[in-house]
Amino acid sequence: MSPVFYPLDASHRVKGYRPLLSDYRALAINEAHKFPEAVEQMCGKSLCHDDIQEICYMLEKEHQGIRRSPLRLP
């Protein structure tokens, strides 16, 4: 999946709009190195390592019990 779709889908879900993506349990982002740039373009906010770590924490907490291992950054 292109890095552009995830922040767009997340934005739709937070605002109560219809999701752009089907519900998922795992997410693979093609060309993930472009993810921070995509978020900056769409949301006007730059992401640093701590921001991405916080996103991982929130996703892990939201899906607690579904995931077998914690989300980690390399």
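Taking each heavy atom of Asp9 and Leu20 in turn, the nearest pair found is OD1-N, 2.8 Å. Pro36 and Leu47 get closest at one heavy-atom pair: CA-CD1, 4.0 Å.
Within the structure, salt bridge (charged side-chain N to carboxylate O under 4.0 Å, His left out) pairs that include any residue of residues 46-59 comprise Lys45-Asp51 (at least two apart or interchain). Pairs of residues two or more places apart, or lying in two chains, that qualify as salt bridge (charged side-chain N to carboxylate O under 4.0 Å, His left out) and include a residue from residues 14-24 are Arg13-Asp23.
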